[in-house]
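The figures that follow rest on heavy atoms only: side chains count, while hydrogens, waters and symmetry mates do not. Predicted, not measured: the structure shown is a model, and the values here were computed from it.
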Amino acid sequence: MEYNDVLKHLAPCGLDCVRCADYEHGEIKQLSLRLMQLLGNYKPVAKMKTEGNPIFSGYSQFAEILTSFSNSSCSGCRGQNVQCPITTCSAKTCHKEKNVDFCFQCSEYPCEKQFSGRLRERWRYINDRMKEIGVVEYYYEQFKQTRY
């Protein structure tokens, strides 16, 4: 994968938009659509199974969550329909103002306006790691890990 391809996957803060549950072309959305197709009209079966296994009484909630995943429509932070649930991220717009692809490429990195607490620690780790080993190498490294 080339650098420009990685830009389509990684947000300016370094998080992988493609593996996000809200991403419109992500695997979570695709798998949710497939599972909904496979389950079809499972609700009556879940109701029957409730007697022997009470966990199935929550099937309607599960189906609502699955439907929500299947309706994901975020374009990713570099796109036009940004719906990132991380509302405290200034990198979504700041990278354009600073004319950089990632936070670590900015002369002001690490700035004080990006995140706080644990999320800030993760952001620093991601950007420091990209700076250390390169963006493409980091993409392959992080892709092997779970997203959440």
Side-chain angles (χ1 to χ4, degrees), residues 1-43 45-46 53 55-148:
M1 185 174 283
E2 301 288 325
Y3 181 88
N4 287 334
D5 296 322
V6 172
L7 285 179
K8 297 173 187 172
H9 292 256
L10 296 182
C13 69
L15 290 176
D16 190 348
C17 289
V18 174
R19 293 187 305 134
C20 178
D22 296 317
Y23 186 64
E24 66 185 342
H25 302 295
E27 188 175 17
I28 292 173
K29 177 178 181 169
Q30 299 307 316
L31 291 171
S32 297
L33 286 166
R34 179 69 178 134
L35 184 54
M36 285 176 63
Q37 179 186 28
L38 289 171
L39 288 171
N41 186 26
Y42 192 80
K43 191 174 182 176
V45 176
N53 191 346
I55 192 75
F56 283 94
S57 65
Y59 180 78
S60 292
Q61 279 186 300
F62 166 75
E64 285 180 40
I65 293 170
L66 192 59
T67 299
S68 179
F69 283 151
S70 72
N71 289 327
S72 298
S73 60
C74 182
S75 62
C77 290
R78 297 181 193 276
Q80 298 299 314
N81 188 30
V82 179
Q83 296 177 15
C84 183
I86 304 172
T87 57
T88 59
C89 182
S90 61
K92 296 175 202 175
T93 54
C94 185
H95 83 281
K96 294 175 189 173
E97 297 165 10
K98 303 292 183 177
N99 199 29
V100 295
D101 295 324
F102 299 98
C103 294
F104 79 89
Q105 296 167 331
C106 180
S107 61
E108 296 177 31
Y109 173 78
C111 68
E112 293 303 316
K113 59 185 173 184
Q114 186 65 5
F115 303 131
S116 63
R118 189 162 181 210
L119 193 53
R120 182 173 176 79
E121 291 172 22
R122 185 170 180 206
W123 168 72
R124 288 284 312 265
Y125 171 80
I126 290 169
N127 278 272
D128 290 347
R129 190 71 178 140
M130 283 193 288
K131 188 174 186 176
E132 178 185 344
I133 66 172
V135 171
V136 174
E137 290 78 8
Y138 172 76
Y139 174 76
Y140 284 119
E141 180 180 275
Q142 65 85 39
F143 191 76
K144 298 171 189 170
Q145 301 168 4
T146 59
R147 172 66 165 88
Y148 298 101

- Item | Check ion pair Arg129-Glu132 (N to O, under 4.0 angstrom) | yes
- Would you call Arg34 and Glu27 a salt bridge, taking side-chain N to carboxylate O under 4.0 Å as the test? no
[Y] backbone acceptor or donor facing [X] side chain under 3.5 Å:
X: Gln114; Y: Ser90; result: yes
X: Tyr140; Y: Met1; result: yes
X: Ser68; Y: Glu64; result: no

Once rounded to the nearest 0.5 Å, what's the spacing between atom [atom1] of [X] and atom [atom2] of [Y]?
X: Ser70; Y: Gln37; atom1: OG; atom2: CD; value: 11.5 Å
X: Ser72; Y: His25; atom1: OG; atom2: NE2; value: 11.5 Å
X: Thr88; Y: Lys113; atom1: OG1; atom2: NZ; value: 13.5 Å
X: Leu35; Y: Leu66; atom1: CG; atom2: CG; value: 5.0 Å
X: Lys92; Y: Cys13; atom1: NZ; atom2: SG; value: 8.5 Å
X: Ile126; Y: Glu141; atom1: CD1; atom2: CD; value: 11.0 Å

Take a 6.0 Å sphere around [atom1] of [X] and say whether it holds more than 12 heavy atoms from other residues, nucleotides or ligands.
X: Asn53; atom1: CG; answer: yes
X: Ile55; atom1: CD1; answer: no
X: Phe143; atom1: CZ; answer: no

Between [Y] and [X], is there a side-chain heavy-atom distance shorter than 4.5 Å?
X: Glu112; Y: Arg120; result: yes
X: Leu10; Y: Met130; result: yes
X: Cys77; Y: Pro12; result: yes
X: Phe115; Y: Cys89; result: yes
X: His9; Y: Cys17; result: no
X: Tyr23; Y: Lys29; result: no

- Message: Testing the 3.5 Å rule here: is there a donor-acceptor pair between the side chains of Ser73 and Glu24?
- Response: no
- Please assess Ile86 against Leu15 for the test side chain to side chain contact (heavy atoms under 4.5 Å, CB included), listing each intermediate value before the final yes or no. CA-CA 11 Å; Ile86 304 172; Leu15 290 176; 3.5 Å; yes
- Got a sec, which pairs hit ring pair (Phe, Tyr, Trp, His ring centres under 6.0 Å) with one end in residues 66-110, sequence neighbours left out? Tyr109-Trp123
- Message: Test: salt bridge (charged side-chain N to carboxylate O under 4.0 Å, His left out). Region: residues 3-23. Which pairs qualify, not counting sequence neighbours?
- Response: Asp5-Lys8, Asp16-Arg19
